[in-house]
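These notes are about the structure you will find just below.
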Amino acid sequence: LLVGAPRKRSAARHLLTEHLEELARLADTAGAEVVGEVTQLLDRPSPATYLGKGKLEELRHRVANIGATLVIFDDELSPTQGKNIELELGTRVMDRAELILDIFATRARTSEARMQVELAQLEYMLPRLARMWTHLEKTRGGIGLRGPGETQIETDRRLIRHRIKILRERLEDVRRSREVQRAGRRDAFKASLVGYTNAGKSSILRAVARAPDVFVEDRLFATLDPLTREVNLGDHVPALLTDTVGFIRKLPHDLVASFRATLEEASDADLLLHVIDGSHPTWEEQVGVVNEVLAELKMADKPVLHVFNKIDRLDADALHALHERARDRMGDAIFVSAVAEGGLEPLRRALLSALRARRPVVEVEVSVTDGRLLAEVHRTAHVLDQAQRDGVMVLRARLDDATAGRLRGKGAKIRAQ
Ligand SMILES: Nc1nc2c(ncn2[C@@H]2O[C@H](COP(=O)(O)OP(=O)(O)OP(=O)(O)O)[C@@H](O)[C@H]2O)c(=O)[nH]1
Ligand SMILES: [Mg+2]
């Protein structure tokens, strides 16, 4: 049973239907069957039970009538509210954040993703331990458990804090080894796909990189782990394209924080490709959500190209309207389809020109006796060809300004072509 109860004056009240639809998709992804919904516009949530007395009573009847075993709130519940509502209804109660955590937990495949999800879950659980114990008390009858229960909670808190510490340390190790890996492929042009869940990020990677092994599914959060594939842009220049976990409205902060390590992959990119489902009725809200999460991850300043996807679903009029709205709202935008024949050509062209702008071809001169510097040029730049002239090695290479500066500092002569 789904519950949506936004505040009367909030922006969310207009989108109540869409938000509940999305919540239903989340519930479905988590393996629950949706049997009904209850909505209300609130003046302000009650600190004790979120909903008012009358509405809660109505909810209790609905739960009993339908025989629902789980109640999911679209809005965030405080630990106290969650506990009180559960006591009142006699069923398990979850909010959106908890549901998202649950989905991530069942979908995490790699050990890194598992650790990140576990960390977020423990952080979420810590202030809610008392409530989790209430469950146990109920099943055991509750009598006489109060004393030991309290100390048990303390013990649990200690154990959880300890586990959190270990997970943080391990994730830090992962982060560091990623950094080392990244340093090794500094020369390649890197673009990262970011965007709302289900926008088509993985589909784009799959089609552009001709990588049929990339997982695509019409479900929320199909992708949790970043995945990088090489794309040949037809200029003898490879670019690296990385797929990332999708964002969603009210993505739990704990989750964002613990996915920071994997998302750093994206923050290292030369260019962010913000993929937007142009056929979705609320794409503008989704863009706002993605921008908020990017800001939270300190990636708001990165160069962004807005990629409107799924345009094959729009007729000519709708596409025209989308062009107009996009032109008003954002700077750089392209319009693509991951499934239509040739639908991704605008993206390939945009990547190629971004790459050319950021990695111009230059001439690098290094003394032939300086084997070390020569090796470094080959490692950090994309060398197109080289020839020897009077004891000087002349290389034509693509490199960015930062690399050029570094090589100059070590004695290389670099000329624009
Ligand atoms: N019609 C149409 N469907 C598309 C297009 N691109 C993706 N899809 C469909 O949209 C759904 C989601 O695609 P994904 O590529 O898994 O989306 P994602 O952004 O990677 O989603 P998450 O990994 O869940 O964040 C799939 O059913 C795709 O087949 C497109 O251009 N047109
Ligand atoms: Mg995906």
Side-chain angles (χ1 to χ4, degrees), residues 1-8 10 12-107 121 124-125 128-142 197-198 217-222 248-252 280-282 285:
L1 193 66
L2 308 179
V3 181
R7 287 165 187 246
K8 269 187 188 147
S10 68
R13 74 184 193 280
H14 299 300
L15 298 169
L16 185 54
T17 318
E18 283 85 5
H19 288 171
L20 278 182
E21 221 163 76
E22 186 176 81
L23 190 66
R25 290 201 67 189
L26 281 170
D28 172 68
T29 302
E33 187 198 337
V34 178
V35 289
E37 52 186 60
V38 170
T39 59
Q40 183 180 31
L41 289 180
L42 289 177
D43 264 330
R44 83 194 140 82
S46 133
T49 54
Y50 194 84
L51 298 173
K53 249 203 161 77
K55 204 66 186 178
L56 203 57
E57 188 57 21
E58 181 192 327
L59 189 56
R60 204 166 59 81
H61 280 296
R62 284 287 295 277
V63 167
N65 284 345
I66 309 177
T69 51
L70 174 65
V71 176
I72 306 172
F73 277 70
D74 192 47
D75 305 87
E76 189 178 336
L77 301 175
S78 72
T80 320
Q81 288 166 340
K83 181 177 165 183
N84 289 337
I85 300 171
E86 252 178 20
L87 286 175
E88 192 69 35
L89 300 181
T91 50
R92 178 106 171 74
V93 172
M94 269 187 178
D95 62 8
R96 190 180 166 96
E98 204 176 342
L99 180 62
I100 294 173
L101 280 171
D102 189 80
I103 294 172
F104 270 67
T106 55
R107 302 217 128 197
Q121 275 184 316
Y124 180 89
M125 240 165 83
R128 291 170 171 81
L129 271 185
R131 169 172 152 208
M132 316 240 160
W133 268 94
T134 325
H135 282 290
L136 283 183
E137 272 177 52
K138 245 190 304 194
T139 53
R140 291 198 206 150
T197 181
N198 210 50
E217 199 186 13
D218 194 15
R219 281 233 156 142
L220 306 180
F221 302 116
I248 198 166
R249 203 171 64 88
K250 293 186 187 161
L251 194 61
H280 201 280
T282 66
E285 191 201 21

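Heavy-atom basis, side chains included; hydrogens, waters and symmetry copies ignored. Numbers here are sequence positions counted from 1.
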Nearest-0.5 Å distance, [atom1] of residue [X] to [atom2] of residue [Y]:
X	Y	atom1	atom2	result
Arg249	Ile100	CZ	CD1	9.0 Å
Leu99	Thr29	CG	OG1	8.5 Å
Leu59	Tyr50	CG	OH	12.5 Å

Indicate the atoms forming the closest heavy-atom contact of [X] with [Y], along with that distance.
X	Y	result
Ser78	Pro47	OG-O, 4.4 Å
Leu101	Pro252	CG-CG, 4.4 Å
Val35	Ala68	CG2-CB, 4.2 Å
Ile103	Thr106	O-OG1, 3.0 Å
Ala27	Ile72	CB-CD1, 4.0 Å

Should Ile85 and Val71 be marked as a side-chain contact (heavy atoms from CB on, under 4.5 Å) after you check the CA-CA gap, both sets of side-chain angles, and the distance that decides it?
CA-CA 10 Å; Ile85 300 171; Val71 176; 5.8 Å; no
Might you work through the side-chain contact (heavy atoms from CB on, under 4.5 Å) test for Val34 and Leu23, ending with a clear yes or no?
CA-CA 10 Å; Val34 178; Leu23 190 66; over 6 Å; no
Partner of His19 under side chain to side chain contact (heavy atoms under 4.5 Å, CB included), chosen from Asp74, Thr282, Thr39
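Going through the options one by one, the only one that passes is Asp74.
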Are the side chain of Glu37 and the backbone of Leu2 linked by a donor-acceptor contact shorter than 3.5 Å?
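Looks like no, no N/O pair under 3.5 Å.
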Look at the side chain of Gln81 and the backbone N and O of Ser46, then say whether any donor-acceptor pair between them is shorter than 3.5 Å.
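Yes; judged by distance alone, with no hydrogens or angles, the pair exists.
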Tell me whether Lys55 is salt-bridged to Glu58, with the criterion being a basic N under 4.0 Å from an acidic carboxylate O.
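Counted as a salt bridge, because a side-chain N and a carboxylate O are separated by less than 4.0 Å.
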In chain order, what residues pass the side-chain contact (heavy atoms from CB on, under 4.5 Å) check against Glu57, with sequence neighbours excluded?
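Once residues adjacent in sequence are excluded, the partners of Glu57 under the side-chain contact (heavy atoms from CB on, under 4.5 Å) criterion are Arg60, His61.
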By side-chain contact (heavy atoms from CB on, under 4.5 Å) - contacts of Arg62 (at least two apart)
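Applying side-chain contact (heavy atoms from CB on, under 4.5 Å) to Arg62 gives Leu1, Val38, Ile66.
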Might you work through the side-chain contact (heavy atoms from CB on, under 4.5 Å) test for Leu26 and Ile248, ending with a clear yes or no?
CA-CA 10 Å; Leu26 281 170; Ile248 198 166; 3.9 Å; yes
Using the rule given for side-chain contact (heavy atoms from CB on, under 4.5 Å), can you reason through Thr49 versus Glu88, listing the C-alpha separation, both sets of side-chain angles and the distance that settles it, and then say yes or no?
CA-CA 9 Å; Thr49 54; Glu88 192 69 35; 5.7 Å; no
Kindly write out the residues that satisfy salt bridge (Lys or Arg N to Asp or Glu O under 4.0 Å) with Asp75, not counting sequence neighbours, or none if the list is empty.
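Asp75 satisfies salt bridge (Lys or Arg N to Asp or Glu O under 4.0 Å) with Lys250 once adjacent residues are dropped.
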Decide if atom CD of Glu18 counts as having more than 12 heavy atoms of other residues, nucleotides or ligands within a radius under 6.0 Å.
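More than 12 within 6.0 Å, yes.
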What verdict does the salt bridge (charged side-chain N to carboxylate O under 4.0 Å, His left out) test give for Glu76 and Arg96, after you've listed the backbone C-alpha separation in whole Å, the side-chain angles of each residue and the deciding distance to 0.1 Å?
CA-CA 7 Å; Glu76 189 178 336; Arg96 190 180 166 96; over 6 Å; no
